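Remarks on the structure that follows.
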Amino acid sequence: MTLPRSVALLCVSAGLLLPARVFSAETPEERIGFSPDAAKLAVREAKLDVFRKVVAGDSAALKSWTEMTGTQRAGILSELAVNDEQSEARRRALRELVSVTSSDDPENRATLALARAACADKNAETRELARTALTARHDDATPALLEAVAHHDDVEIRNNAAAAMKAFGGPRIFEVIIEHWKWSCGPGPHNHIFQGTQRSYVGDYDVAGAVYKPVTRTFLTGVVLDTKIQHIDGDSYYTTIREVAPDDPNLPKNDIAAWQKWLEDERHTLVETEKQKKAAALAALKP
């Protein structure tokens, strides 16, 4: 599943928060004694607790879990993955998200949740686990998503995104960086605003016998403000691509064309390394 850059930017613009829209509405019985918001929170926590009890070995909870739809399970796992709690249930949820299918998760919340945990979680061990799970899941949307996060305002989040991209590997990571790098160095967005006044006046007369019919004309006066971004500093892209690239003293300098040539020369090696990283990540997540 491909995640467009515009969607990726939207996902990170609010601090990498994942919306929780996976829970069904509360029943009237569940709302008794609660405000609507409190009732929704109670239902949400109850569903999260099902998976927590499954991890703890509760057989009744396991039965309830298996009776849920794949979409419900994917939503609960995604919600737990972005929860700030440090628990075995959350670590298990991060691992389980690796195998969530696109049919059970059409909005790709699993990848978003893993990316959020890998880039923004405060716990280093959780970030590492999420990074490994993101590499093992190997979703096609990941490179564009992480590249967008690499330009976050928070320097720590930017560094975490670069580390996740390096762990993910593959030529697509570099293609996305170079693509946006080239865009930043070319002509930027263009727009304008006009503020003016339209005036009418009698410009002529049509004469028909003794009748004079005025001809009305109009003109505009005002100011047009035209804006165009000529150039965006590309140093951030160069910094990112150097952090993501393999350790090599002979890497290209700050030049897009040189990096494009490097990518084509190294494509086969990057593909093979990508396969190795995915296999290693899957092996690391085995019980």
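Please read these numbers as outputs of a predicted model, since none were measured by experiment.
- Heavy atoms only, all atoms of each residue included: Leu114 and Ala133 are closest at CD2-CB, 3.7 Å.
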Do any side-chain atoms of residues 165-174 form donor-acceptor pairs under 3.5 angstrom with protein atoms, and if so which ones, sequence neighbours left out?
unit_1	atom_1	unit_2	atom_2	d
Lys166	NZ	Asp247	OD1	3.3
Arg172	NH1	Glu175	OE1	3.3

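- Residues Ala113 and Ser78 share a closest heavy-atom pair of CB-O, 3.7 Å.
- In terms of modelled atom types and a separation under 3.5 Å, the side chain of Trp181 and the main chain of Val176 share no donor-acceptor contact.
- In this structure, Lys277 does not pair ionically with Glu274, as no charged nitrogen and carboxylate oxygen lie closer than 4.0 Å.
- In terms of heavy-atom proximity, Leu251 sits nearest to Ala245 at CD1-CB, 3.8 Å.
- Test Glu85, Arg91, Arg90 against Ser87 for side-chain hydrogen bond (donor to acceptor under 3.5 Å, both in side chains) and you get one pass: Glu85.
- Note that CG of Leu112 and CG of Asp139 are 9.0 Å apart. Values are rounded to the nearest 0.5 Å.
- At least one donor-acceptor pair under 3.5 Å links the side chain of His138 to the backbone N or O of Thr135.
- Thr218 approaches Ser200 most closely through the heavy-atom pair CG2-OG, 3.4 Å.
- For the atom pair CZ of Arg242 and CG of Asp248, the computed distance is 8.5 Å after rounding to the nearest 0.5 Å.
- A donor-acceptor contact closer than 3.5 angstrom links the side chains of Ser103 and Thr101.
- Distance alone, capped at 3.5 Å, places no donor-acceptor pair between the Arg131 side chain and the Ala118 backbone.
- Atom CG of Asn159 is separated from atom SG of Cys119 by 10.5 Å, given to the nearest 0.5 angstrom.
- Using a 4.5 Å heavy-atom cutoff, the side chains of Val82 and Arg109 are not in contact.
- Here the side chains of Leu282 and Val98 are in contact, with some heavy-atom distance below 4.5 Å.
- Under the side-chain contact (heavy atoms from CB on, under 4.5 Å) rule, Phe51 has a single partner from Arg73, Glu96, Met68, which is Glu96.
- Taking a 6.0 Å sphere around CG of Asp153, one finds it holds 12 or fewer heavy atoms contributed by other residues, nucleotides or ligands.
- One finds no salt bridge joining Asp49 and Lys53 here, because no Lys/Arg side-chain nitrogen approaches an Asp/Glu carboxylate oxygen to under 4.0 Å.
- Counting only distance, with no hydrogens or angles, the side chain of Arg137 and the backbone of Leu97 share a donor-acceptor pair below 3.5 Å.
- Around the CD1 atom of Ile193, the shell of radius 6.0 Å holds no more than 12 heavy atoms that belong to other residues, nucleotides or ligands.
- Trp259 has its side chain out of reach of Ile177: every pair of non-hydrogen atoms, C-beta onward, lies at least 4.5 Å apart.
- Although no hydrogens or angles enter the test, the distance criterion places a donor-acceptor pair under 3.5 Å between the side chain of Asp105 and the main chain of Ala110.
- Annotation: the span from Thr240 atom OG1 to Glu147 atom CD amounts to 7.0 Å, rounded to 0.5 Å.
- To the nearest 0.5 Å, atoms CG (Asp121) and CG (Asn160) are separated by 9.5 Å.
- Enclosure of atom CD in Glu264 by more than 12 non-hydrogen atoms of other residues, nucleotides or ligands within 6.0 angstrom is indicated.
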Worked verdict on Ile178 versus Lys182 for side chain to side chain contact (heavy atoms under 4.5 Å, CB included): CA-CA 6 Å; Ile178 292 173; Lys182 288 170 64 178; 3.9 Å; yes
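- Hydrophobic clustering, defined by side-chain heavy atoms of Ile, Leu, Val, Met, Phe, Trp and Tyr closer than 4.5 Å, groups Phe219 together with Tyr201.
- The CG atom of Leu285 lies 6.0 Å from the OG1 atom of Thr132; values are rounded to the nearest 0.5 Å.
- Under the 4.0 Å criterion applied to side-chain N and carboxylate O atoms, Glu243 and Arg158 are not assigned as salt-bridge partners.
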CA sep, side-chain torsions, deciding dist, call: Arg116, Val149, side chain to side chain contact (heavy atoms under 4.5 Å, CB included): CA-CA 9 Å; Arg116 192 272 185 193; Val149 180; over 6 Å; no
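- Annotation for Gln195: atom CD does not count as buried by contact number, only 12 or fewer foreign heavy atoms lying within 6.0 Å.
- For Ala115 against Leu145, the heavy-atom pair with the smallest separation is CB-CD2, 3.5 Å.
- Scanning both residues, Arg52 and Ala89, for their nearest heavy atoms gives CG-CB, 3.9 Å.
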